[in-house]
Amino acid sequence: MAQRTVLVVLFDGVQSLDVTGPVEVFAGAELGVPGSYRIRTASLDGGPVRTSSGLTLVPDEPLTGAPDPHTLLVPGGSGTRSPDPRLVDWLREHGTRAKRLVSVCTGALLLAEAGLLDGHRVTSHWSVCEKLARDHPAVEVDPDPIYVRDGRLATSAGVTAGIDLALALVEEDISREAALAIARHLVVFLRRPGNQAQFSAQLVAQTAQREPLREVQQWITEHPGDDLSVEALATRASLSPRHFARAFQTETGMTPGRYVDRVRLEHARRLLEDTSDGIEEISRACGYGTPEAMRRAFVKTLGTAPAEYRRRFRPAATR
């Protein structure tokens with residue numbers, strides 16, 4: 001197996017966990033499979049950098065002297081808001097040379113400034129996705145997934161999503177067994193697919209201001225298998241269907257149908273991961289009615305069928 005060099009870019013205001021999370025994963029792979037990774041860190045001038053939390057990180061070398069790596073990893077942090085132009089210039093020149101280009105959290109902003117995301121589908125921390133899309137219209141920004149792979153480019157959401165992405169890269173480079181061993185050592189789950197949403201439906205949606213609508217939101221969460229049509233929910237809120245649909249979207253930022261779809265999918269995922277219930281039983285419990293309807297929902301949103309999802313992401317202890 002050819003050794004892969006991972007070069008992590010450091011700068012003042014970097015988020016320490018964006019650096020140490022993926023580094024611990026790659027370091028764990030190197031311990032388990034010697035010769036798999038060579039991890040290097042570099043700053044512009046080779047000097048120490050102060051992270052956003054006040055910690056000081058000492059890099060291995062200056063960026064100007066670093067060889068072109070297999071994997072170039074750009075973390076996020078407050079330092080991405082007003083980056084040193086020299087850093088952007090370095091990324092613009094060297095980013096295309098790496099065989100794999102990775103960003104964690106707001107590191108995607110640096111790659112976008114360097115023009116390295118144009119024409120690609122990417123994600124980033126939910127708080128900057130709107131800005132990323134607005135400032136860089138040539139970039140296809142998807143704010144939902146925890147990480148996105150697009151060819152040689154891999155982008156992830158905040159902090160822990162960088163660990164998820166690094167584990168996925170180790171699984172791709174070495175094996176699923178190697179990634180599982182690292183996940184166990186770090187006491188994290190190797191079961192979050194990249195297109196899992198950054199937030200649950202309840203967190204993505206705003207909380208409705210009016211009590212009847214808040215109660216309906218809670219009802220949907222607690223009764224995913226019930227009749228959750230607009231008409232039924234409007235009756236529960238004592239509103240006309242038209243008034244309810246308009247008010248729900250205004251106050252939560254999401255249509256009733258989309259909110260119901262998210263809740264049902266999340267509930268089905270949890271049952272597939274945590275129980276031995278059959279697919280047909282789960283489809284009824286989550287309001288899909290039939291296994292085929294649930295399969296279509298999974299394929300559309302997660303890109304995989306329920307049975308395959310269970311096979312990949314259910315902990316071995318519950319099988």
Side-chain angles (χ1 to χ4, degrees), residues 6 8-9 15 18 21-22 25 69-77 80-81 83 88 91-92 94-173 179 191-201 203-204 253-255 258 261-262 265-266 269 296-305 308-309 312-313:
V6 178
V8 183
V9 177
Q15 162 63 258
D18 288 0
V25 171
H70 174 277
T71 299
L72 179 61
L73 191 148
V74 182
T80 62
R81 296 172 189 165
V88 176
L91 289 171
R92 183 179 296 112
H94 293 268
T96 56
R97 301 179 186 175
K99 292 183 179 179
R100 188 162 60 197
L101 188 58
V102 178
S103 71
V104 180
C105 196
T106 57
L109 296 177
L110 296 178
L111 296 185
E113 284 295 321
L116 298 169
L117 302 186
D118 289 356
H120 292 283
R121 176 173 169 260
V122 306
T123 194
S124 184
H125 192 279
W126 61 269
S127 65
V128 301
C129 282
E130 184 177 347
K131 170 181 171 56
L132 181 59
R134 182 180 65 250
D135 294 349
H136 303 278
V139 180
E140 181 187 348
V141 181
D142 189 341
D144 285 335
I146 58 174
Y147 63 83
V148 169
R149 298 292 305 278
D150 187 353
R152 59 184 284 274
L153 180 66
T155 54
S156 67
V159 186
T160 57
I163 296 176
D164 290 299
L165 176 54
L167 286 168
L169 296 178
V170 168
E171 181 176 353
E172 175 185 303
D173 293 341
R191 68 192 234 196
R192 290 213 296 174
N195 45 11
Q196 179 171 317
Q198 293 190 34
F199 290 120
S200 66
L203 291 177
V204 169
M254 188 179 293
T255 65
R258 189 178 181 198
D261 287 345
R262 282 178 177 259
L265 189 70
E266 288 164 16
R269 276 191 14 247
R296 288 196 299 268
F298 266 68
V299 170
K300 178 182 178 182
T301 306
L302 300 177
T304 188
E308 175 63 13
Y309 180 93
R312 293 178 60 194
F313 303 113

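Partner of R121 under the side-chain hydrogen bond (donor to acceptor under 3.5 Å, both in side chains) criterion, chosen from T155, D142, D150: D142.
Between L167 and I163 there is a side-chain heavy-atom pair separated by less than 4.5 Å. Residues P22 and L73 are in side-chain contact: their nearest non-hydrogen atoms beyond the backbone lie under 4.5 Å apart. L153 has its side chain within reach of L101: a pair of non-hydrogen atoms, C-beta onward, lies under 4.5 Å apart. Taking the side chain as every heavy atom from C-beta outward, D118 and V139 approach each other to under 4.5 Å. Between E113 and R92, every side-chain heavy-atom pair lies at or beyond the 4.5 Å cut-off.
Judged by distance alone, the side chain of S156 and the main-chain N or O of I146 form no donor-acceptor pair under 3.5 Å. R152 contributes a side-chain N or O that, together with a main-chain N or O of A98, makes up a donor-acceptor pair within less than 3.5 Å. Judged purely by atom type and a 3.5 angstrom limit, S124 uses its side chain to pair as donor or acceptor with the backbone of C105.
Of all heavy-atom pairs spanning A168 and Y147, the tightest one is CB-OH, 3.4 Å. Pairing each heavy atom of T80 with each of G77, the nearest pair is OG1-O, 2.8 Å. Looking at every heavy atom in both residues, P83 comes nearest to L110 through CB-CD2, 3.4 Å. In plain terms, the two heavy atoms of A114 and L91 that are nearest each other are CB-CB, 4.0 Å. Closest heavy-atom contact between C129 and T123: SG-OG1, 4.5 Å. Nearest heavy atoms, L111 versus S103: CD1-CB, 3.6 Å.
If you take CG on L109 and NE2 on H125, they are separated by 11.5 Å, rounding to the nearest 0.5 Å. Taken to the nearest 0.5 Å, the NE2 atom of H94 stands 9.5 Å off from the CG atom of L72. Remark: L169 CG to L165 CG distance equals 4.5 Å, nearest 0.5 Å.
More than 12 heavy atoms of other residues, nucleotides or ligands shown are found within 6.0 angstrom of CZ on R97. Remark: E130 CD is loosely packed, at most 12 non-hydrogen atoms of other residues, nucleotides or ligands lying under 6.0 Å away.
Applying the salt bridge (Lys or Arg N to Asp or Glu O under 4.0 Å) rule to E140 yields no partners; only residues at least two apart in sequence or on another chain are considered. Legend: residues meeting ring pair (Phe, Tyr, Trp, His ring centres under 6.0 Å) with H120, ordered by chain and number and at least two apart, are absent. Applying the side-chain contact (heavy atoms from CB on, under 4.5 Å) rule to T255 yields the partners Q249, R258; only residues at least two apart in sequence or on another chain are considered.
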Report the C-alpha distance between D173 and R100 in whole Å, list the side-chain angles of each, state the deciding distance to 0.1 Å, and finish with yes or no for salt bridge (Lys or Arg N to Asp or Glu O under 4.0 Å). CA-CA 12 Å; D173 293 341; R100 188 162 60 197; 2.7 Å; yes
Show your working on side-chain contact (heavy atoms from CB on, under 4.5 Å) between R262 and D144 and close with a plain yes or no. CA-CA 12 Å; R262 282 178 177 259; D144 285 335; 3.2 Å; yes
